[in-house]
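Order of the sequence lines fixes the chain letters, A, B, ..., with proteins taken first and strands second; residue numbering starts at 1 for each chain. Because the structure is predicted, anything quoted here is derived from the model rather than measured.
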There are 2 protein chains.
Amino acid sequence: MGRTSNARQQVLDTAARIVREHGAAALTFEELAAKSGVTRGGITYHFPTKDELLRALVERDQVRWSETLAQHVAAASADPVGPLVAYVRTASTHDPERRRFVSGMLSAVAHQPELLDGCRALYRAQLPDLERGGAAAFDALIVLLAADGLFWMEQLGFLDLPDSAREELIARLEALARATATPRSPDSTA
Amino acid sequence: MGRTSNARQQVLDTAARIVREHGAAALTFEELAAKSGVTRGGITYHFPTKDELLRALVERDQVRWSETLAQHVAAASADPVGPLVAYVRTASTHDPERRRFVSGMLSAVAHQPELLDGCRALYRAQLPDLERGGAAAFDALIVLLAADGLFWMEQLGFLDLPDSAREELIARLEALARATATPRSPDSTA
DNA sequence: ATTCTTGTACAAAACGTTCTGTATACCTTG
DNA sequence: CAAGGTATACAGAACGTTTTGTACAAGAAT
């Protein structure tokens, strides 16, 4: 309870690594036991069934995302378009664990797509926050989608921008995010 | 008995459906035989190994994407930012087969992530086309990423916009795509 | 000395692959 | 053109391995 079982975390980390490196199909209890240092018995104790393992993996991704988002939201709370800027920052956060992030979602989509329902709900729940009506709402959605695109294209290994270009891109994205809150700019294509 | 093998197409269609509905883990030869009408022997004939089946699935997605893109490029060739607009239209093409599209990629990422290398190369190859240098290049990239985001969020079932909102969003995206080619517009937030 | 955690052994099912069989289209050759 | 052979397209069963889930014993912690 105090510390949520060392072995459990170890298993989850290893599972994420396996999924990331060899795909969700390679995520078997045997491989997990071999690479995590925990034997099958230990694994079975913490995750009696594979379903629960997957559920834990997805929840882990979800929690991490929410925590990162909450951090950025708190840090940019003074900002009028705080949520959107925070979202951009969350999607583009480039820490060493970044690639580990979606392994839960990817294994879920491979084994039981319905496990993503929680993530879907979470994603949709935040959409109304961005819609203020009018053309600005669509610009906000575009910024959001661009952040998502950046996130997934990087996660899937499709995009790998040099750091400088990446930073400039994010800066531009954030600028656009801010611009959605100031519709009195000379731009009005509607 | 098919000209270019009717059964082969049938198998591939069914495989895509299975992946889409139940995840890539459910894509087994047995399920495939049960749901495609082709027996295991027949399947084995066309796809001696699962690797080849996956390869065919990925290639299929790739070919479809390329063909759709080529169509839109041809249709918008007169446009100065033809490629980008065409890309937006490709990513947002909403035909009945849309959801079938990435099943190959999803099963690849589940079974053998390296099968995506071809797609990755294809994706990166088009990036330089959009980069004209300067701030406009980043705006173009943002539009591209937004299109990708729309595509994947819809594919993964995270986003499901009402038709009207969807059309307006795409229109705005296309407008932004065109704007990247005319940087002398009154909008210059850089 | 319970309770919590990990290790070992095993049963049943599922999976990919291989093998053999069959029917039909195509091509050759006399 | 007719006979014979070959390649193609598909069917069905079988094999050996892998994987999941379960049962139970052993060790650590409190």
Side-chain angles (χ1 to χ4, degrees), chain A residues 1-58 103-104 106-115, chain B residues 1-19 21-58 60 103-104 106-115:
Chain A
M1 318 280 254
R3 42 180 181 169
T4 326
S5 176
N6 196 359
R8 194 189 151 93
Q9 275 306 315
Q10 192 61 32
V11 169
L12 249 53
D13 287 343
T14 309
R17 212 188 68 221
I18 291 175
V19 171
R20 172 164 38 95
E21 289 175 358
H22 305 289
L27 181 62
T28 71
F29 284 121
E30 226 167 305
E31 274 293 298
L32 211 41
K35 293 187 178 172
S36 69
V38 184
T39 61
R40 282 211 54 189
I43 296 173
T44 303
Y45 173 75
H46 293 287
F47 309 100
T49 176
K50 197 163 187 185
D51 187 282
E52 298 201 34
L53 172 66
L54 294 172
R55 230 172 268 273
L57 270 178
V58 174
S103 45
L106 288 182
S107 39
V109 82
H111 288 279
Q112 289 168 246
E114 63 270 21
L115 281 183
Chain B
M1 326 338 178
R3 327 275 144 120
T4 31
S5 177
N6 194 0
R8 195 189 149 93
Q9 276 305 314
Q10 192 61 33
V11 169
L12 250 53
D13 286 344
T14 309
R17 212 187 70 221
I18 291 175
V19 171
E21 290 175 358
H22 305 289
L27 181 62
T28 71
F29 284 118
E30 222 165 346
E31 272 293 299
L32 211 42
K35 293 188 176 172
S36 71
V38 184
T39 62
R40 290 200 57 175
I43 296 172
T44 304
Y45 173 76
H46 292 288
F47 310 101
T49 177
K50 196 163 189 183
D51 188 283
E52 298 201 34
L53 172 65
L54 293 172
R55 231 172 266 273
L57 271 176
V58 174
R60 189 185 186 233
S103 45
L106 287 182
S107 39
V109 83
H111 288 280
Q112 288 169 248
E114 63 270 20
L115 281 183

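Atom CD1 in B/Ile18 sits roughly 11 Å away from atom P in C/dC15 (whole-Å rounding). Across the protein-nucleic acid pair, B/Gln10 atom CD and D/dA9 atom P stand 16 Å apart, rounded to whole Å. D/dT8 atom P lies 14 Å from atom CZ of B/Arg8, rounded to whole Å. The separation between B/Leu32 atom CG and D/dC10 atom C1' is 14 Å, rounded to whole Å. Protein atom CG of B/Asn6 is 16 Å distant from nucleotide atom C1' of C/dT24, rounded to whole Å. Rounded to an integer number of Å, the gap from NZ of A/Lys50 to P of C/dA13 is 19 Å. Per the geometry, CG belonging to A/Leu27 stands 17 Å off P belonging to D/dT18, to the nearest Å. Atom P of nucleotide C/dC15 and atom CD of B/Glu31 are separated by 8 Å, given to the nearest angstrom.
The two residues A/Leu32 and A/Leu53 have their closest heavy-atom pair at CD2-CD2, 3.8 Å. Of all the heavy atoms in A/Ser103 and A/Val19, the pair that sits closest is O-CG1, 3.6 Å.
With respect to the salt-bridge test (charged N to carboxylate O, under 4.0 angstrom), the residues A/Arg55 and A/Asp51 qualify.
Counting heavy atoms from C-beta outward, B/Arg17 and B/Lys35 have side chains that approach closer than 4.5 Å. Between A/Val11 and A/His46, every side-chain heavy-atom pair lies at or beyond the 4.5 Å cut-off.
Contact annotation: A/His46 does not reach the phosphate of C/dC4 (side-chain N/O to OP1 or OP2, under 4.0 Å). For the pair A/Tyr45 and C/dT5, the criterion of a side-chain N or O lying under 4.0 Å from OP1 or OP2 is met.
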| request: Produce a footprint string for nucleotides 12-17 of chain D: one letter per nucleotide, 5' end first; B if the base is under 4.0 Å from any protein heavy atom, S if only the sugar-phosphate is, - if neither. | output: B-----

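In the set C/dC15, D/dC10, D/dT20, C/dC15 carries the atom at the smallest distance from any side-chain atom of B/Glu30.
Within the nucleic acid shown, A/Phe29 comes within 4.0 Å of sugar-phosphate atoms alone, with no base atom in reach, counting heavy atoms only. Using a 4.0 Å heavy-atom distance criterion, B/Leu53 is classed as making no nucleic acid contact.
Remark: A/Ile18 CD1 to A/Ser36 OG distance equals 7.5 Å, nearest 0.5 Å. Once rounded to the nearest 0.5 Å, the distance linking NZ of B/Lys50 with CG of B/Leu27 reads 5.0 Å.
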